[in-house]
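What follows is a short report on a single structure.
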Amino acid sequence: MRKFLAAIDDEGDSIKSVLMFALLCILEAISFTRKDGQYLRWDHRSGRRQGTKIFDKGVIPSFDSAMRAKLKEIVSDLTENATQQELFPQNIKRGEIRLLRGSCLDLLPKLQASSYDCIITSPPYCNRYDYTRTYALELALIGVDERGLLDFRQQMLSCTVENRAKDLIGLNPKWSAAISAAEQQEILQMVLRYLEDQNERGLLNNTGIPRMVRGYFYEMACVIFECARVLKRGAPLMMVNDNVRYAGASIPVDVILSEIACELGFNVEKILVLPTGKGNSSQQMGAHGRESLRKCVYIWRRT
Ligand SMILES: C[S@@+](CC[C@H](N)C(=O)[O-])C[C@H]1O[C@@H](n2cnc3c(N)ncnc32)[C@H](O)[C@@H]1O
């Protein structure tokens, strides 16, 4: 791979981007790891110490064969006669795609008000997943070092116990309405009081949980505020999210966020719930028994 990276440096910018994109696509497949929920799991061939269950991710293709297959796939996707023609072809309007790099907390306030027809989003869940771990391979490839990882995690929406509180009003004074919506959300405040109380009694398995849960909902309130600002009247927002459970208490993320959304300019049209809920962590099950948690898609509409 080192040889490949050195060689693509001599290529023009567009060829370099396609090759880097292909490399990002195959990175996990050719590695000794696999994304597994919150972590990267190490295959036994990595030489790393294994737990009681040995993990074998199956065939690990060579760099050359994986790269060749991926480039072939890209070429076939882009070749017109490879795409199936419709029986009754329609003129499909293609929108312009703009990828914005950065945190939504910085980017959303820069977008034009009342200018979007729809938002579809899959934000982090309040579940302690650390995306700097999940994407460790990709981040290493683009040269993010240990310090960079820590900064990156702090910039992301709070969903790990390591996140420190963000100064939301300092970031954007207009967010006071969002913060007051979170402040007045009764279930959220009850959950926060319960978690603080459990913390004081030493009953939480991590003392950062109340701060994380608070940060998550207050930051999400600011995101919802910005989504309401940029959407046109009557435009829908769809969000996928799961409920979570800490210290035995199920947190109805769907209800809390939907009520905050109502305060900030949305109507809740539907909360679609998957027929099979999510199980609990072994720690929660051991201490508090099993309770299925809702996995949902919220459909809100800008009023
Ligand atoms: C539940 S995952 C959604 C993944 C996505 N559906 C996909 O298939 O890649 C949440 C994503 O939000 C990203 N994220 C976290 N904080 C963010 C922020 N402040 N701004 C933009 N994205 C953020 C995470 O890195 C993660 O990729």
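What you are looking at is a predicted structure, and each value in this text was computed from that prediction instead of being measured. Whatever order the structure lists ligands and atoms in, that order sets their numbers, starting from 1.
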When you check the gap from the basic side-chain N to the acidic O, do Arg48 and Asp43 get nearer than 4.0 Å?
-> no

Side-chain ion pair, Glu138 and Lys35, N-O less than 4.0 Å | yes

Residues joined to Val59 in its hydrophobic cluster, side chain to side chain under 4.5 Å directly or through other members, sorted by chain and number, are none

List, by chain and number, the other hydrophobic cluster members for Phe55, where Ile, Leu, Val, Met, Phe, Trp and Tyr join if side-chain heavy atoms come within less than 4.5 Å, directly or indirectly.
-> none

Report, one line per pair, each donor and acceptor closer than 3.5 Å where one atom sits in a side chain of residues 7-17; sequence neighbours left out.
residue, atom, partner, partner atom, Å
Asp9, OD1, Lys16, NZ, 3.0
Ser17, OG, Asp13, O, 2.7

May I ask you to check whether Ser158 and Glu219 show a side-chain donor-acceptor distance below 3.5 Å?
-> yes

How would you list, by chain and number, the residues with a heavy atom under 4.0 angstrom from ligand 1?
-> Ser103, Cys104, Ser122, Pro123, Pro124, Tyr131, Tyr135, Gln155, Met156, Leu157

